[in-house]
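These notes are about the structure you will find just below.
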Amino acid sequence: MLRSLNRPDILIVTLAAAGILMVTMGARQSLGLFIAPIDASTGLGIASISLALAVGQFTWGAIQPVAGAVADRYGPRAVLVGGLVILALGCAITPFMGTGFGLVVSLGLLSAIGSGAGSFSVLIGAAAQRLPIESRGAASGVINAGGSFGQFVFAPILQKLIQGIGWMGAMWAMALMTLAALPLIGKLTRPVDGHVAHTHEEGGLKRAVGTAMKDPSYLLLHAGFFTCGFHIAFLVTHLPGEVNLCGLPPAVASWSLAIIGLANIFGSLYAGSCVAKYRSKYVLAAMYASRAVLIALYLMAPRTELTFYLFAAGLGFTWLATVPPTAAIVGKLFGIRYLATLFGLTLLSHQIGGFLGAYLGGLVITQFGDFGWMWYADMALALAAAIINLPIREAPIAPKLAVA
């Protein structure tokens, strides 16, 4: 799989994108660790804090097509610089926010806008436009694995920082780590020898979006990705709460999140290789179905540390490994000229599900004292997503939008 990345210029672009995603996703996916400390410090309540993070889930998705469109039109450099700076600002001001509205501003808006502008749609789009076609599938897997590696690294580090210097100090440390990724932007945006230049088609971005939104396969892809967002946001936000309900130490939650990230490194690389071998819709269907099975097994298992670690490893393999096949389907249908925008719209659907997963989890735990109904809903949606992906047609439908 990685042989297609063996040229130094191709590898530099791919690793730079993976490094940026490592930081933005590592910061974003670790915010659930701060819920209990913020609640203990401010007394705002889990539901109020969950609302801020739920707004962040939606904002992260809403900014993706906007950032993608700006990057498609003007280039990704300014978008990525702005994203990292805004993410750092959101983290830095969070300790000064003592109200629910303040957390919505810092975590729900600023941090989410920043991490979204430096996330999948812009990074994969920027890399795809600088890489030859035979390298794109492998590159998307490596880039996605970078985000998973960020979760693996950030979760235990931030948990130690929270325990050692408090959640405020951990937030400020995360802001500094974010700014440290700025030099990677120049590596990503450098030209690659022999890369395919995109053309400016008649009708441009507006026509590309209009064509995509009329295609049933694109809409089915959105529906399936909605479930992925619901699933991931619920777990990344409320897994620490689930661990606490089981009477286990907080370290179990941070290590579970780390294991999810580690397992997804391998899952992302495997998914990237599957894109070149199998129809992506079948890869997605298998991933979603496996999640329903894993949740059912978790609900029947005793709540021990080992159970959480095995559950995390199983879920982690498909965690964000759905991104390479999803991006591949978008690319197959419409080409790569407006991939950042069109995949960004798909990620918006993902994060509408993310908003519901994060917010409803807070409401359910407040109302019922456990997450039982959320687990059942998550399992049902995973099965529905597996079925929804099967009718997707993986064939170019608009040759004029494809790269010449």
Side-chain angles (χ1 to χ4, degrees), residues 29-58 60-61 99-101 103-104 107-108 155 159 167 226-257 260 288 290-312 314-316 319 350-386:
Q29 297 282 53
S30 301
L31 290 178
L33 298 173
F34 289 87
I35 292 179
I38 292 176
D39 182 34
S41 174
T42 64
L44 291 174
I46 293 177
S48 180
I49 300 169
S50 295
L51 176 60
L53 296 183
V55 170
Q57 292 290 339
F58 178 78
W60 185 85
T99 65
F101 177 76
L103 290 180
V104 168
L107 296 179
Q159 183 65 59
W167 72 269
F226 169 93
T227 292
C228 184
F230 182 96
H231 168 86
I232 287 176
F234 165 56
L235 285 173
V236 79
T237 304
H238 296 293
L239 185 61
E242 175 78 357
V243 169
N244 184 60
L245 285 175
C246 298
L248 298 172
V252 175
S254 62
W255 278 113
S256 294
L257 291 173
I260 288 173
Y288 292 134
S290 71
R291 293 179 181 182
V293 173
L294 285 168
I295 293 170
L297 292 175
Y298 167 74
L299 292 176
M300 293 185 291
R303 302 299 198 271
T304 65
E305 292 186 22
L306 180 60
T307 294
F308 275 100
Y309 295 150
L310 292 176
F311 183 50
L315 289 177
W319 186 250
H350 185 279
Q351 291 314 113
I352 293 173
F355 171 87
L356 293 174
Y359 183 51
L360 291 179
L363 291 182
V364 167
I365 185 63
T366 301
Q367 183 70 27
F368 300 104
D370 60 37
F371 294 105
W373 285 108
M374 289 298 294
W375 289 118
Y376 298 136
D378 196 11
M379 187 164 49
L381 285 172
L383 288 173

From L235 atom CG to I295 atom CD1, the distance as rounded to the nearest 0.5 Å: 7.0 Å

Under 3.5 Å: donor-acceptor pair, side chain of S41, backbone of P37: no

Y359, OH: over 12 other non-hydrogen atoms inside 6.0 angstrom: no

Euclidean distance, M374 CE relative to L381 CG, rounded to 0.5 Å: 9.0 Å

Closest heavy-atom pair and its distance - L257, A155: CB-CB, 3.9 Å

Test side-chain contact (heavy atoms from CB on, under 4.5 Å) applied to L297 and L310, step by step: CA-CA 11 Å; L297 292 175; L310 292 176; over 6 Å; no

Separation of M379 CE from H231 NE2 (nearest 0.5 Å): 12.5 Å

Reported CZ-to-CD distance for the pair F234 and E242, which is rounded to 0.5 angstrom: 6.5 Å

Whether T237 side chain and A233 backbone form a donor-acceptor pair below 3.5 Å: yes

Nearest heavy-atom neighbours spanning G362 and S50: CA-OG, 3.9 Å

I35 side chain reached by L53 side chain, heavy atoms, under 4.5 Å: yes

Separation of L31 CG from I49 CD1 (nearest 0.5 Å): 11.5 Å

Test item: R303 side-chain N/O and F308 main-chain N/O as donor-acceptor pair under 3.5 Å: no

Geometric class of the W373/F368 ring pair [parallel <30°, tilted 30-60°, perpendicular >60°]: tilted

Parallel, tilted or perpendicular: rings of H238 and F371 (30°, 60°): tilted

G45 versus D39, closest heavy-atom pair with distance: N-OD1, 3.0 Å

Atom pair CD1/CD1 of I46 and I38 - distance to nearest 0.5 Å: 11.5 Å

Closest non-hydrogen atom pair between L239 and S256, with its separation: CD2-CB, 3.8 Å

Crowding at CD1, I352 (>12 non-hydrogen neighbours, <6.0 Å): yes

Nearest non-hydrogen partners of W319 and I232, listed with the distance: O-CD1, 3.0 Å

Mutual orientation of the aromatic rings belonging to F58 and F355 [parallel < 30°, tilted 30-60°, perpendicular > 60°]: perpendicular

Exam field: side chain Q351 to backbone Q57, donor-acceptor pair closer than 3.5 Å: yes

Neighbour count >12 (heavy atoms, 6.0 Å) for atom CH2, W167: yes

Closest non-hydrogen atom pair between V243 and V252, with its separation: CG1-CB, 3.8 Å

Residue pair S30 / Q159, side-chain heavy-atom distance below 4.5 Å: no

